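This is a predicted model, so every value here is computed, not measured. Chain letters run A, B, ... following the sequence lines, proteins first, then strands; residues in each count from 1.
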Number of protein chains: 2
Amino acid sequence: MVAKTSTPQVFGRLEKFMEPCLLLTLREEESHGYELMEKLKEFGFEGSSADMANMYRILRNLEEKEMLSSKWEEGAGPPKRVYSITQAGEKLLEEWAALIRKNRARIDRFLTKFAENGEE
Amino acid sequence: MVAKTSTPQVFGRLEKFMEPCLLLTLREEESHGYELMEKLKEFGFEGSSADMANMYRILRNLEEKEMLSSKWEEGAGPPKRVYSITQAGEKLLEEWAALIRKNRARIDRFLTKFAENGEE
DNA sequence: CCGTACTATATACATAATGTATATATACTG
DNA sequence: CAGTATATATACATTATGTATATAGTACGG
């Protein structure tokens, strides 16, 4: 029997959060997938294989929608697909920022209420 | 043809956010589904049919896991299934709060960086 | 020069969470 | 007695994410 009282692993992700993080990171400087994953750790991504799969999918999808453009770069090690953000991509990022602000407001309302009633 | 430049409907939900909101609302006072949906609007839920379906699913699921208990209440209108939070449910809520705080931190890092680099 | 590890990209398949659509029933209002 | 609001519920479809695996170049040690 397993102790139910340990870590019941509650989780609720920030859906599609990786997309705006990629756009924001690329607004600063062009980069390729593998390197981007390192940079994404700043936003709480782990760099797990799930994250990797996710990232490559999102990058390709964003390029398809012309939010990013890419070029192959040869050098030491295997070739890299280096992504740059487009103007449309920057606009998309702005929209993401607006949505994320709203989400933060929802979270804040939750946390405020949680703290208020917690101490009866 | 539809103008692409209008609202491209970016969206990223707060996954499973309804669950902690239900728990928090029920920590204050017992309530039934239909009424709970009204209360959830505080946390940014719309009360759409999707939200409804979602809510009833979550409530049943939480009861199955003994995070909530319910009783039928007769009165004016159709009978209501009134939910109360259990001790396990309160503990679950605490775990949710911890996770949500982490998610807020991730969001904050994003928004801070977004604002920083935005004004070049 | 061979195996191992690290860099690098990619995708098929499975699962999980949410959205759509619909069914059922009570009670009030005109 | 038809329409609307209250009230709960679920089958089915879609979307987003996770798991597993494939491929390949380069560096390093033995």
Between B:Glu19 (CD) and C:dA17 (C1'), how many Å, whole number? 12 Å

Would you mind reading off the distance between B:Glu64 atom CD and D:dT10 atom P, rounded to a whole angstrom? 10 Å

Can you measure B:Phe17 atom CZ to C:dT18 atom P for me and round it to whole angstrom units? 12 Å

The reported gap from NE2 in B:His32 to CD in B:Glu35 (rounded to nearest 0.5 angstrom) is 5.0 Å

Rounded off to whole Å, could you give me the CG-to-P distance for the B:Leu62 and D:dA9 pair? 13 Å

For A:Pro79 and for A:Asn54, find the nucleotide of DNA chain D with the closest heavy atom, then tell me which residue's nucleotide is more 5'. A:Asn54

Are B:Lys80 and B:Glu74 close enough, and set up right, to give a salt bridge (Lys or Arg N to Asp or Glu O under 4.0 Å), and what steps lead you there? CA-CA 7 Å; B:Lys80 299 158 201 171; B:Glu74 310 279 339; over 6 Å; no

With the threshold set at under 4.0 Å for non-hydrogen atoms, list the residues of residues 31-39 of chain A touching DNA chain C in residue-number order. A:His32, A:Gly33, A:Tyr34

B:Asn61 has an atom CG; how far is it from atom C1' of D:dT10, in whole Å? 14 Å

Considering non-hydrogen atoms only, spot the tightest contact between B:Ser31 and B:Leu26 and give its length. N-CD2, 3.5 Å

Taking CG from A:Leu14 and C1' from C:dA16, how many angstroms apart are they, rounded to a whole number? 17 Å

Could you tell me whether A:Arg13 contacts a base, only the sugar-phosphate backbone, or nothing, with contacts defined as non-hydrogen atoms closer than 4.0 Å? sugar-phosphate

Begin from the C-alpha positions of B:Glu30 and B:Lys71 and carry the test salt bridge (Lys or Arg N to Asp or Glu O under 4.0 Å) through to its verdict. CA-CA 10 Å; B:Glu30 59 171 36; B:Lys71 59 184 188 231; 3.1 Å; yes

Test: A:Arg13 and B:Glu15 ion pair at under 4.0 Å: yes

Listed in order of residue number, which residues of residues 69-78 of chain B have a non-hydrogen atom at under 4.0 Å from DNA chain D? B:Trp72, B:Pro78

Compare the minimum distances between each of D:dT10, C:dT18, C:dT11 and the side chain of A:Arg60, then state the nucleotide with the smallest one. C:dT11

Check: B:Gly12 main-chain N/O paired with A:Asn103 side-chain donor or acceptor under 3.5 Å: yes

Please work out if A:Arg57 contacts a base, only the sugar-phosphate, or nothing of the nucleic acid, heavy-atom cut-off 4.0 Å. base

Between A:Glu63 and A:Arg81, does any side-chain N to carboxylate O distance fall below 4.0 Å? yes

NZ/NE/NH1/NH2 to OD/OE distance under 4.0 Å, B:Lys39 and B:Glu28: no

N or O in side chain of B:Tyr56 less than 4.0 angstrom from D:dA9 OP1/OP2: no

Do the side-chain N or O atoms of A:Arg81 get closer than 4.0 angstrom to the phosphate oxygens (OP1, OP2) of C:dA8? no

Counting only heavy atoms from other residues, nucleotides and ligands, does the tally under 6.0 Å from CD of A:Glu42 exceed 12? yes

What is the separation between atom NZ on A:Lys80 and atom P on C:dA8, rounded to the nearest whole Å? 5 Å

Integer-rounded Å distance: D:dA7 C1' and B:Asp51 CG: 16 Å

